[in-house]
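Residue numbers start from 1 in every chain, and the chains themselves are labelled A, B, ... in the order their sequence lines are given, proteins ahead of strands.
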Number of protein chains: 2
Amino acid sequence: MPTDLHTILGDLVSVNHRLTRVAAHAANNPESPAVWRTLSVLLQSGSIRLGALASRSRVSQPTATKLVSHLELRGWATRLADPLDARVSQTAITPAGEAALLDWRSELAAALLPMFADLPADDVATLERAISILRDRVERSDPSDPSGLVVPFGAAS
Amino acid sequence: MPTDLHTILGDLVSVNHRLTRVAAHAANNPESPAVWRTLSVLLQSGSIRLGALASRSRVSQPTATKLVSHLELRGWATRLADPLDARVSQTAITPAGEAALLDWRSELAAALLPMFADLPADDVATLERAISILRDRVERSDPSDPSGLVVPFGAAS
DNA sequence: CATTTTATATAGCCCGGCTATGTATAGTGG
DNA sequence: CCACTATACATAGCCGGGCTATATAAAATG
C-alpha cells in the first residue's frame, strides 16, 4: 500500500531536517553546512559566476557573496576576473578546498557510521538509490540551468 | 557494485543539505525549519520536558528554550508546570500547533510536487523506504531516550 | 540546614539567510 | 560619442537559529 507522493514529500523534508541536526551534532565541525554545500556545488560545477552559484545553491546572490568571501579567506575558493565582462567574478574551488571538502565528508561519515553500522545490506542499497534519485532531482531543478533539460515548475509561457 | 557505507553517508548528508535549500526555496514559508522540526518532535513525543525536547531535537537546551518561547507566542505550544518538580516545564503541542504543522507539510509537499511528479512508482517506493529507514535511525539514536533500546554510539562503560 | 546537583532561563556572541540598495560595467538608441 | 537602461556583484542592515557561559531556583543529600 504505497503512501501517496504528497505525504512522502512532507515526510522527506521532515526527516531531512532531523537528520541535519543529527549530522551537525555528530561531526561537530567548526564550519557550517553552508560552507560544505557551497564547496560541493563549486566542485561539481567548476568555475562559475556568482549569480549562477547562488541559484544552483538555492540561496540569494548576497548570501552567495558572503559565502564565497568566507571561502576565499579560508583559501578554499578563488575569484577569477572574467576577461570578457569586468562585472562578473568567476569563482572556482581550490585544491585546498577540494581537500577540505573530502575531509569533511570523511569525518562526517565516520561520525555517523556507528549509527548505521548494523544496517542490513538492502537497506544500504535503498539509501544509495534514494540518494541518487534525490541528487538527480535537486540538480535537474536548478532554475538557472542553461542546459534546460527539464522545466519542472511554472514553465514560463 | 554497492558503494561502501562510508561514502553513502557522506553523500546522504550532502544531498540532504541541498534538499534543505530546495525546500526552503520552494515553500517560502515565513517560519523557519526549526519551528517545524520542534513541532514534529512535540507531536510525536507528547508532553515532554525541555531538556528531553532539546536532546531529541538535537539542539542545546538554551536553543530549545528559545524555540519553545517562540512556539508559545504563536500559540503552537504550551508549558505546563510539573506538579512533582517545580523546576521542570513540560511542553506540549497545542491543537493550533498540530494544525499549523499539518498545513506546513501540506504546503511544502504541494510546492515540491511538480519537481517529483514524474517520478516512477518504484522510485517513489524507494524514497518511502529510505525515509522510514532514516526516521528509524534518527529516533533510535536519541541520546536521552529513556527506553534505551539501542545504544549505538560510545556506549558508556 | 548547608551543600551539591539538576532543570531551566538569560546574556551575548557568530553566522546564514533575507531584502533593499549602491556601484560599476555592458549594452543600446540617437 | 553620449545618455540611459540593464545587468552583475557588493554592501548595509535586519532577523533568527545555533552555540557557550552563566545565573537562578528547586530538589536531593548528608
Side-chain angles (χ1 to χ4, degrees), chain A residues 17-18 20-41 47-74 77-91 144 146, chain B residues 17-18 20-41 47-74 76-92 144 146:
Chain A
H17 287 152
R18 304 281 295 270
T20 294
R21 293 304 310 153
V22 171
H25 200 252
N28 61 338
N29 188 288
E31 296 295 335
S32 68
V35 162
W36 308 117
R37 191 189 58 230
T38 307
L39 282 179
S40 290
V41 173
S47 181
I48 186 176
R49 35 169 85 194
L50 210 153
L53 174 61
S55 76
R56 280 213 194 188
S57 303
R58 302 278 189 161
V59 299
S60 68
Q61 171 262 309
T63 296
T65 297
K66 266 193 199 177
L67 292 172
V68 168
S69 300
H70 182 87
L71 292 178
E72 248 189 325
L73 278 179
R74 288 291 196 173
T78 49
R79 298 187 208 231
L80 315 164
D82 184 322
L84 301 180
D85 187 336
R87 292 169 303 178
V88 327
S89 108
Q90 297 277 349
T91 302
S144 79
Chain B
H17 287 152
R18 304 280 296 270
T20 294
R21 292 304 308 154
V22 170
H25 200 252
N28 62 337
N29 189 288
E31 296 296 334
S32 69
V35 163
W36 307 117
R37 192 188 61 228
T38 307
L39 282 179
S40 290
V41 173
S47 182
I48 186 176
R49 35 169 85 194
L50 210 152
L53 175 61
S55 75
R56 279 214 196 189
S57 302
R58 301 281 188 158
V59 299
S60 68
Q61 171 262 309
T63 297
T65 298
K66 264 194 198 175
L67 291 172
V68 169
S69 301
H70 182 86
L71 292 179
E72 248 188 325
L73 278 177
R74 288 292 197 173
W76 292 342
T78 49
R79 297 187 210 232
L80 313 165
D82 183 322
L84 300 180
D85 186 336
R87 292 169 302 176
V88 327
S89 108
Q90 296 279 348
T91 302
S144 79

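Phosphate proximity of D/dC19 to B/Arg58: absent, as no side-chain N or O sits under 4.0 Å from OP1 or OP2. Proximity of B/Ser32 to the phosphate of D/dG16: no side-chain N or O atom is located under 4.0 Å from OP1 or OP2. The side chain of B/Arg21 places an N or O atom within less than 4.0 Å of a non-bridging phosphate oxygen (OP1 or OP2) of C/dC18. Checking the phosphate oxygens (OP1, OP2) of C/dA7, no side-chain nitrogen or oxygen of B/Arg79 falls inside 4.0 Å.
Distance B/Leu84 CG to D/dA25 P: 21 Å, rounded to the nearest Å. B/Leu50 places its CG atom 17 Å from the P atom of D/dA26, with the value rounded to the nearest Å. In this structure, A/His17 places its NE2 atom 15 Å from C1' of D/dG16, rounding to the nearest Å. Atom-to-atom, CG of A/Leu67 to C1' of C/dC18 comes out at 13 Å; the value is rounded to the nearest Å. In this structure, B/Leu53 atom CG and C/dA9 atom P are separated by 11 Å, rounded to whole Å. Across the protein-nucleic acid pair, A/Leu80 atom CG and D/dA8 atom P stand 18 Å apart, rounded to whole Å. In this entry the distance linking CZ of B/Arg87 with P of D/dA28 reads 6 Å, nearest Å. Going from atom CD of B/Glu72 over to atom P of C/dA9 covers 9 Å, rounded to whole Å.
Listed here is the closest heavy atom pair of B/Gln90 and B/Arg49: OE1-N, 3.5 Å. Contact detail for B/Leu53 and B/Ile48: the closest heavy-atom pair is N-CD1, 3.6 Å. Heavy atoms only, all atoms of each residue included: A/Ser69 and A/Arg79 are closest at OG-NH2, 2.8 Å.
With values rounded to the nearest 0.5 angstrom, B/Ser32 atom OG is found 9.0 Å from A/His17 atom NE2.
Listed nucleotides D/dA10, D/dA8, C/dA7 differ in distance to A/Arg49; the shortest reach to its side chain belongs to D/dA8. The side chain of A/Ala34 approaches C/dG16 more closely than any other nucleotide in the set D/dC9, D/dG17, C/dG16.
A donor-acceptor pair shorter than 3.5 Å cannot be found between the side chains of A/Thr63 and A/Arg58.
Counting heavy atoms from C-beta on, the side chains of A/Arg37 and A/Val59 come closer than 4.5 Å. Side-chain contact between A/Thr20 and B/Thr20: present, with at least one pair of heavy atoms (C-beta onward) separated by less than 4.5 Å. Residues A/Leu80 and A/Ser47 are in side-chain contact: their nearest non-hydrogen atoms beyond the backbone lie under 4.5 Å apart. At a threshold of 4.5 Å between non-hydrogen side-chain atoms, the residues B/Thr91 and B/Thr78 do not count as touching.
When the nearest nucleotides of DNA chain C are assigned to A/Ala86 and B/Ser89 by heavy-atom distance, the more 5′-ward of the two goes with B/Ser89.
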field: 5'-to-3' dot-bracket of DNA chain C (Watson-Crick, G-U; under 3.5 angstrom; crossing pairs as [ ]; | other strand)
entry: ||||||||||||||||||||||||||||||
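For residues 59-66 of chain A, proximity to DNA chain C is found at A/Val59, A/Ser60, A/Pro62, A/Thr63, A/Lys66, defined as any non-hydrogen atom under 4.0 angstrom from a strand atom.
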- prompt: Yes or no on side-chain contact (heavy atoms from CB on, under 4.5 Å) for A/Val41 and B/Arg18, after CA distance, side-chain angles and deciding distance?
  reply: CA-CA 9 Å; A/Val41 173; B/Arg18 304 280 296 270; 3.7 Å; yes
